[in-house]
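This structure is a prediction, so every number in the text was calculated from the model and none was measured.
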Amino acid sequence: MTNYQFIMKIILNRHSSQPLYLQIRDYLSRLIQSSKLAPGEKLPSIRNLAASVGVNKLTIIEAYGVLAADGLIQSRPGAGYFVSSAVSSPQRQSHFAPTQKVTISETGETFCEQIMAALQAQQQKEIINFSSGFPLTQELENFQRIAKRAIANSTDTLFRYDLPQGQLVLRQQIAQMLLNQGLEVSPEEIIVTNGSEQGLSLAMRYYLQAGDWVIVETPTYHGALGILANLGVKVIGIPMTAEGMNLELLEQYLCSHRPKLIYTISTLHNPTGITTSQAHRQKLLALAQQYECPILEDNAYEALNFEFEPVAAPIKALDRSDIVTYISTFSKTLMPGLRVGYTVVTGKHYQPILEQKILQDLHSSTVSQAIVSEFLAGGHYRRYLNRLRTNHLQSRNAMLQALERYFPAQASWTIPQGGLFLWVHLPEGISVQAICREALSCKILVASGTAFFPNHQGYPALRLNFSNSLADIDRGVAVLGELVQKYLAAVVPQPSRAISDRPLEIASNVRVPNLGMLTKN
């Protein structure tokens with residue numbers, strides 16, 4: 001039976017500059033590429049869909065025509081329209097089961113050299129950039145139009161200092177946006193920052209001092225590791241399971257080391273792509289409250305979720321004791337150069353963190369804030385995200401198919417339901433650094449997985465950004481696959497794995513084989 005409950009939810013913006021048939025196309029495209037509509041499934045007839053959505057039949061014919069041209073649906077004479085079988089994602093079985101050993105690091109390295117090298121490499125012509133944490137640049141003309149209007153309407157605020165916590169209108173818009181994600185906060189509990197990186201720095205410098213213990217997931221965002229290293233704190237890396245941070249090990253180290261902060265990425269984790277369940281979030285919060293350890297929740301990629309409804313409310317939404325600080329950003333959705341993020345801080349922690357913001361830079365760019373505010377007004381941002389999610393679904397699926405085509409059977413990877421990254425695990429003994437160096441000589445920029453572990457003590461892996469053109473994805477993954485095959489051949493042969501030892505599916509959004517051992521430093 002056709003899955004009509006999703007199709008009938010189509011909501012059209014009849015005041016948008018985007019034609020109605022393209023709005024319908026985008027919505028159905030996301031349903032298809034997120035497997036809400038399965039391959040071979042029949043779509044509603046042109047007459048029925050036109051009646052349910054409230055448009056004329058020609059609009060549906062145009063929408064179906066574009067979907068057919070995209071290869072997402074196909075027409076069967078006399079039978080109607082059906083989802084094409086060619087758009088399904090590869091479904092090779094896998095599991096996420098790394099050895100559950102904790103990484104202890106009392107020293108560390110910042111990621112400054114690495115990020116500078118990556119930025120310099122991007123200046124090269126024809127580089128395929130799999131290493132960045134940003135979406136593909138698109139809709140420049142529309143962006144320029146909105147930016148011009150924002151600046152024209154904000155000239156009175158552009159030539160003077162502004163509130164350190166950010167423009168009130170923008171904070172009101174952010175509060176409304178967070179309410180749709182299940183997080184109820186007031187504008188007075190929001191601080192606008194220069195990207196989420198500044199939010200991380202402000203919070204970590206407030207909660208931590210040199211010599212303190214801090215808990216992170218392993219692997220985790222390497223920028224956060226760089227800040228922690230700069231602060232001179234000691235890091236406890238709790239390994240990830242398919243459900244998120246290992247909570248049994250977390251409790252052990254909360255009890256034994258009494259850390260001063262837990263840093264977690266609960267939605268579309270960077271770099272693995274894991275999104276934790278509501279139950280996991282509740283247990284994590286309960287442990288933090290029991291041991292009186294604040295949580296820093298970094299959800300920079302939450303807006304890029306492919307799901308139509310949030311999988312789970314942020315941990316901050318469950319917080320009733322002001323123990324969670326929540327951070328996100330517009331840098332991962334709108335232009336990264338805007339550098340507009342935000343931090344949600346409640347209770348006694350708000351004023352001290354705001355004072356740190358004042359001492360760092362007084363306030364965030366009024367121009368950038370005005371542009372983001374204009375995007376949020378009138379539904380521009382929501383429509384922009386819908387198109388971005390549609391493009392990302394297509395590019396994610398293209399990268400999955402390329403990995404199946406070019407990478408050896410010993411490699412495996414996650415299947416995130418949003419965000420920007422695939423986390424690719426490679427066999428033990430392969431030199432990831434050598435692969436990255438040789439790939440760069442072929443104009444392929446890729447991030448080594450070791451950068452996402454404290455002191456680079458982790459298993460061999462690659463983090464690949466899939467927000468590239470389909471042609472670049474195919475060519476780039478083909479080059480990487482050839483390099484992986486080359487370096488795999490140089491590794492001492494291992495006994496072949498029995499069929500019964502093949503990984504098993506244990507989570508819909510994660511696919512990684514035994515990810516190796518996290519060493520104790």
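Residues Phe466 and Phe130 place their aromatic rings such that the two centres sit no closer than 6.0 Å. Aromatic pair His425/Tyr459: ring centres closer than 6.0 Å.
Residues passing the ring-ring contact (aromatic ring centres under 6.0 Å, His included) test with Tyr81 are Tyr64, sequence neighbours excluded. Not counting sequence neighbours, the partners of Phe330 by the ring-ring contact (aromatic ring centres under 6.0 Å, His included) test are Tyr342, Tyr381. Taking the salt bridge (charged side-chain N to carboxylate O under 4.0 Å, His left out) definition, one finds that Lys316 meets it with Asp319, sequence neighbours left out. Not counting sequence neighbours, the partners of Lys260 by the salt bridge (charged side-chain N to carboxylate O under 4.0 Å, His left out) test are Asp212. Every side chain to side chain donor-acceptor pair (under 3.5 Å) that Arg339 has, sequence neighbours left out, goes to Ser331. Listed by chain and number, the residues in a ring-ring contact (aromatic ring centres under 6.0 Å, His included) with Tyr263 amount to none (sequence neighbours excluded). Gln181 meets the side chain to side chain donor-acceptor pair (under 3.5 Å) test with no other residue; sequence neighbours excluded. For Thr343, the side chain to side chain donor-acceptor pair (under 3.5 Å) criterion is met by no residue, not counting sequence neighbours. Residues satisfying the ring-ring contact (aromatic ring centres under 6.0 Å, His included) criterion with Tyr326, sequence neighbours excluded, are absent altogether.
Within the structure, salt bridge (Lys or Arg N to Asp or Glu O under 4.0 Å) pairs that include any residue of residues 454-482 comprise Arg405-Asp474 (at least two apart or interchain). Applying the salt bridge (Lys or Arg N to Asp or Glu O under 4.0 Å) test to residues at least two apart or on different chains, none of the pairs has a partner in residues 273-282. Within the structure, salt bridge (Lys or Arg N to Asp or Glu O under 4.0 Å) pairs that include any residue of residues 438-456 comprise Glu438-Lys486 (at least two apart or interchain).
Ring orientation note: the planes of Phe453 and Trp423 are tilted relative to one another, at an angle of 30° to 60°. Ring-plane geometry between Phe452 and His222 is classed as tilted, the angle between the planes lying from 30 to 60 degrees on a 0 to 90 degree scale.
With hydrogens and angles left out, the side-chain atoms of Tyr221 and Glu197 include a donor and acceptor closer than 3.5 Å. Between the side chains of Thr450 and Ser448, at least one donor-acceptor pair of N or O atoms lies under 3.5 Å. With hydrogens and angles left out, the side-chain atoms of Ser201 and Arg205 include a donor and acceptor closer than 3.5 Å. Ser277 and Glu243 are not linked by any side-chain donor-acceptor pair at a separation below 3.5 angstrom, with hydrogens and angles left out of the test. Residues Glu297 and Thr264 bring no donor and acceptor atom of their side chains to less than 3.5 Å of each other. With no hydrogens or angles considered, no side-chain donor-acceptor pair links Asn468 and Ser395 at under 3.5 Å.
Residues Val477 and Leu403 form a side-chain contact, since some pair of their non-hydrogen atoms from C-beta on lies under 4.5 Å apart. Side-chain contact between Cys436 and Val446: present, with at least one pair of heavy atoms (C-beta onward) separated by less than 4.5 Å. Between Asn129 and Asn465, every side-chain heavy-atom pair lies at or beyond the 4.5 Å cut-off. Side-chain contact between Pro219 and Thr272 is present, with heavy atoms from C-beta onward closer than 4.5 Å. In this structure, Pro135 and Thr333 have side chains that are not in contact, with every pair of non-hydrogen atoms separated by 4.5 Å or more. Looking at heavy atoms from C-beta onward, Leu247 lies out of side-chain contact with Glu251 at the 4.5 angstrom threshold. Side chains of Ile295 and Leu284 form a contact here, defined as non-hydrogen atoms less than 4.5 Å apart. No side-chain heavy atom of Phe407 sits under 4.5 Å from any side-chain heavy atom of Glu404.
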Chi angles and distances behind the side-chain contact (heavy atoms from CB on, under 4.5 Å) call for Ile104, Tyr253: CA-CA 11 Å; Ile104 302 293; Tyr253 282 83; 3.9 Å; yes
Steps toward side-chain hydrogen bond (donor to acceptor under 3.5 Å, both in side chains) verdict (Thr390, Tyr27): CA-CA 8 Å; Thr390 298; Tyr27 185 90; over 6 Å; no
Verdict with supporting geometry, Leu420 and Leu268, side-chain contact (heavy atoms from CB on, under 4.5 Å): CA-CA 9 Å; Leu420 297 173; Leu268 299 172; over 6 Å; no
CA sep, side-chain torsions, deciding dist, call: Lys234, Val214, side-chain contact (heavy atoms from CB on, under 4.5 Å): CA-CA 6 Å; Lys234 297 177 288 189; Val214 60; over 6 Å; no
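Tested against Leu208 for a side-chain contact (heavy atoms from CB on, under 4.5 Å), the candidates Ile227, Leu261, Leu296 yield a single pass: Leu261.
Looking at Asn299, its side chain never comes within 3.5 Å of a backbone N or O of Glu302 through a donor-acceptor pair. Judged by distance alone, with hydrogens and angles left aside, the side-chain atoms of Glu217 form a donor-acceptor pair with the main-chain N or O of Ile265 at under 3.5 Å.
Across all non-hydrogen atoms, the minimal contact from Gly237 to Thr218 is CA-CG2, 3.3 Å. Between Val83 and Ala38 the shortest heavy-atom distance is CB-O, 3.3 Å. The two residues Ile435 and Leu483 make their nearest non-hydrogen contact at O-CD1, 3.8 Å. Between Ile24 and Ala63, the closest heavy-atom pair is CG2-CB, 3.9 Å. Among all heavy-atom pairs drawn from Gln417 and Asn305, the shortest one is O-OD1, 3.1 Å. Between Ile323 and Cys293, the closest heavy-atom pair is CD1-O, 3.6 Å.
Cation-pi check for Arg30 over Phe306 is not met; the charged atom does not lie both under 6.0 angstrom from the ring centroid and within 45 degrees of its normal.
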